[in-house]
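A short worksheet on the structure shown next.
Scope of the values below: all heavy atoms of this structure, side chains included, with no hydrogens, waters or symmetry mates. Letters A, B, ... mirror the listed sequences (proteins, then strands); counts begin at 1.
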2 protein chains.
Amino acid sequence: MSSQTITISSPADFHVHLRQGSLSRLVTPHVRRGGFNLAYVMPNLTPPITTTDSALRYKQELQAIDPNVEYLMTLYLSLELTPDEVRKAHAAGIVGVKSYPKGVTTNSEGGIESFEVYYPVFEAMQEVGMVLNLHGEVPSDASANIHVINAESIFLPHLVRLHAKFPQLRIVLEHATTRAAVETVKSLGPTVACTITAHHLALTVDDWAGQSYHYCKPVAKFPDDRKALQDIVREGHPRFFLGSDSAPHPAHNKSFATPSQGCAAGLYTSPILLPLTAHLLESFGALDKLEGFVSRFGRRFYEREIDSASGNSVVLRKISQIVEKSFVAEDADVVPFWAGKELGWSIWYQCS
Amino acid sequence: MSSQTITISSPADFHVHLRQGSLSRLVTPHVRRGGFNLAYVMPNLTPPITTTDSALRYKQELQAIDPNVEYLMTLYLSLELTPDEVRKAHAAGIVGVKSYPKGVTTNSEGGIESFEVYYPVFEAMQEVGMVLNLHGEVPSDASANIHVINAESIFLPHLVRLHAKFPQLRIVLEHATTRAAVETVKSLGPTVACTITAHHLALTVDDWAGQSYHYCKPVAKFPDDRKALQDIVREGHPRFFLGSDSAPHPAHNKSFATPSQGCAAGLYTSPILLPLTAHLLESFGALDKLEGFVSRFGRRFYEREIDSASGNSVVLRKISQIVEKSFVAEDADVVPFWAGKELGWSIWYQCS
């Protein structure tokens, strides 16, 4: 008797950090190891990817590391970006533009504070059909009682206004963590979608309290928020799909704090992404929505649909595995999310 | 020209963890180093202090380490505790009984789940005049959306009910962290008081996100909650007073996480407590309330008032100091809160 298997066509991760240098050489091949052959690559490098030319150079670097993955590029929204550059980027195959709030996440010191100054850019993006990726948090501000827990909810009116102003602009609210975000995106039109990470389907605030290995931005919120994320996945809503936000950091930056320096925000899920996602969806009764969540929904929104004949496919088998304790790079090691824990599913084989 | 000075009569810390063994030998003398000569000592040892005899033995151990501090003892509430034992404890000079919710904090596995079973004990405490110290959090429960952020607010109806049932029982809500707690305690009668730690006057959730050196239970909440704590101190409300909840852990347990083990909850403020409290109260315009907050209000509630002739006094001078990076015990070192940072006040001298 054979074990239970699931076949997924062309899994696509619509939000992933592939870094630079030796860390990039370690983690880029893990996209495919985790079952994926499309990576929507975040631009928050040092310096950030703000131009067509730098995005294409970065894409070439990634292709040199692993040519078997399709890399979709997005530019870092900044005052450098002009409507002309948008048209140039689009012509060069660049898919999106990513907006970071100032200082909220890794290398976001040059991010946005107000959107109006970017309206000409968004106008051009809407015209040519580029996607706006929003890191949907406002910066913490104690005087206004804004903090890591409500930073996303307070951002949502910005999303609503942007969509009203640019109804044809495709917008993705990235790595949603709250019931408020799910409800807002659901209430908006077909041009607004939302990525959900695997880890936010698993974690709540209690998990990262005192445990830096579960600390990421946006921080995981309350059990009721997690339930809203799980529910929308179980519903099979086509505008909610996987973007792992897999964000590797050297292990010492995750494990070790000093009184003057806390730990890095970011969880590393790439190397186990498809088995992990299957494991989690199964845990809340949504395994039948796996292919939609990890492939079809995102591909449809991004207009990257692949017919089952031409795409690759990945076969998962219900055989448990223990997640690796770490992956070793030339000058650092990276500890994956769920390290040392059991996943109920493994990749059996991939065909492309 | 001399620097500015403040003289405080008989500072009293109404909530402190003095631990056991070598850690106790390190930290017990720090009560006085931090400017205090009364310590209300928490009973969450291994095994917990549940009887009069064990409390008296523990008190003797502490006195052997530093005889210059007055130690007030409180028993760990458990099913072992009988009304007779309460009367015995009171006769032996034990001041209170501490209730821990199951599993919420260090060594609280034997804590309470429901209060009704303890009503006979509370009745006896009310009769003899012992104080009930409440760790005011309910255990996290994802199915009920209870988590570290709302654990205190959800506990508060228990406090209200206990006070209604035992209106003459003196109750202290320990280490309040929320506006809801402040408002609830304020609304109750003169037998209900509240301790506030120094660190909760400084921290919010953003400070412990990814920074285990700022991680304690109850976790620091939102800026608006911190403001409520600061406001009630600035108001000089006599039922709100200092309980440091100073809780030392070996540095490696604070600094280092593994994927399967997070960092210990607890901040160590004893050795800098009076200068730290002065520094913080000055930062929000409440320096004139310092003596009430760190001495008179708590002493009055606990009926431990000292006239200024017989008490000791501590003179603070407005000279800045850098907080020690660590304190070394026989087999571990302990890093204080605010390590390496500047405090605007120093202890000039103490006279007893």
query = Are B:C263 and A:Q211 side-chain neighbours, meaning at least one heavy-atom pair lies under 4.5 Å?
reply =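 Heavy-atom side-chain distance check fails, nothing below 4.5 Å.
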ask   = Which one, A:G262, A:P259, A:A142, leads in non-hydrogen pairs under 4.5 Å with chain B?
value =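 Highest number of pairs under 4.5 Å: A:P259.
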Nearest-0.5 Å distance that lies between atom [atom1] in [X] and atom [atom2] in [Y]:
{"X": "B:D206", "Y": "A:I149", "atom1": "CG", "atom2": "CD1", "answer": "8.5 Å"}
{"X": "A:T204", "Y": "B:I146", "atom1": "OG1", "atom2": "CD1", "answer": "12.5 Å"}
{"X": "A:S260", "Y": "B:K325", "atom1": "OG", "atom2": "NZ", "answer": "7.0 Å"}

So which residue, [options], ends up with the most heavy-atom pairs under 4.5 Å with chain A?
{"options": "B:A251, B:S143, B:S255", "value": "B:S255"}
{"options": "B:F256, B:W208, B:Y213", "value": "B:Y213"}
{"options": "B:A209, B:A339, B:S212", "value": "B:A209"}
{"options": "B:K341, B:Q261, B:K227, B:H214", "value": "B:Q261"}

query = Residues two or more places apart in sequence or in another chain: which of them pass ring pair (Phe, Tyr, Trp, His ring centres under 6.0 Å) with A:Y215?
reply =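 With sequence neighbours excluded, A:Y215 shows a ring pair (Phe, Tyr, Trp, His ring centres under 6.0 Å) to no residue whatsoever.
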inquiry  = So for A:V335, is it side chain, backbone, both, or neither that comes closer than 4.5 Å to the heavy atoms of chain B?
reply    =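 The answer is the side chain of A:V335.
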ask   = Measuring heavy-atom distances to chain B, does A:T258 have an atom under 4.5 Å in its side chain, in its backbone, in both, or in neither?
value =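 Looking at A:T258, just its backbone touches chain B.
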inquiry  = The criterion is salt bridge (Lys or Arg N to Asp or Glu O under 4.0 Å); which residues satisfy it with A:R179, sequence neighbours excluded?
reply    =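 With neighbours one apart ignored, the set is A:E183, A:D224.
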ask   = With under 30° as parallel and over 60° as perpendicular, where do the rings of B:F222 and A:H147 fit, or are they tilted in between?
value =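 Ring orientation, 0 to 90° scale: parallel.
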